[in-house]
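What you see is a predicted model, and the numbers here were worked out from it, not measured in a lab. Read the numbers this way: they start at 1 and go in the same order the structure lists the ligands and their atoms. When a residue number appears, it is its place in the shown sequence, counting from 1.
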Amino acid sequence: MSRSDPLEKYRRKRDLDRSPEPAPGDPRPERKTPIFVIQKHRASTTHYDLRLEVGGVLKSWAVPKGPSTDPSEKRLAIRTEDHPLGYAAFEGVIPEGEYGAGTVMVWDIGPYRNHNRPDEGEDAPPPLDRQIDDGHATVWLEGEKIRGGYALTRIRRSGDGEQWLLVKMDDDEADARRNPTSTENRSATSGRTMDEIDREEEPTSFEHDGNDDDGEDS
Ligand code: MN
């Protein structure tokens, strides 16, 4: 079969003998529903990578300022190559000299669902791969930091590149006063800060709100 490899670009950009990033085929996090992940990536500039599990890969966008919880904020999102599903669990350091060199944190992760309306005369919304191809997708995210409806809209295509906007939809999870990219700085999976990931350290203890038994004694 000559079906093209959706991860060809992912492989081509990386030397997986030198980078600890997951290889295509590495296991996906064990979750039943489709997952989204937002990785904080301290590379030449710090940005956030939004990835949605669609059709066996992680559709990906680099969001320079990260997601907002304020529906009046439009965040630029630059489409990047599809990533393998195992990437959703990746946290670590991409060595200097390699593509994307720098520290990667799983800043938020959780289930998500298609949040679009059905087209007229249809029962179900269009599948997400089609929404993304068509340049407008709406999803409902259920992370620890980021929740509710988000709209992704393509605003420009040039050559191989695509610019999109990521905008919080106006729903019960919208909150113009929150600013999670500046106030919530720990990994959703390991509890570590960027510096702790950098130094490959265990998390320092979480700050507590009165409950001092977190079951850890180290
Ligand atoms: Mn990145």
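A salt bridge (Lys or Arg N to Asp or Glu O under 4.0 Å) with Glu81 is found for exactly one of Lys59, Arg11, Arg14, Arg12, namely Arg14.
The Mn ion (ligand 1) has His41 ND1, His47 NE2, Asp49 OD2 as protein N, O or S atoms under 2.8 Å away.
The backbone N or O of Trp107 sits less than 3.5 Å from a side-chain atom of Lys145, completing a donor-acceptor pair.
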Report all side-chain donor-acceptor pairs from residues 156-163 shorter than 3.5 Å, counting only partners two or more places apart or in another chain.
unit_1: Arg156; atom_1: NH1; unit_2: Gln163; atom_2: OE1; d: 3.4
unit_1: Asp160; atom_1: OD1; unit_2: Lys9; atom_2: NZ; d: 3.4
unit_1: Asp160; atom_1: OD2; unit_2: Lys9; atom_2: NZ; d: 2.9
unit_1: Glu162; atom_1: OE1; unit_2: Arg79; atom_2: NH1; d: 3.4
unit_1: Glu162; atom_1: OE1; unit_2: Trp164; atom_2: NE1; d: 2.8

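Two rings, from Trp140 and Tyr112, have their centers 6.0 Å or more apart.
Taking Ile, Leu, Val, Met, Phe, Trp and Tyr as hydrophobic and joining them when side-chain heavy atoms fall under 4.5 Å apart, one finds Tyr99 isolated, its cluster having no other members.
Thr153 is linked by a side chain to side chain donor-acceptor pair (under 3.5 Å) to His136, counting only residues two or more places apart in sequence or in another chain.
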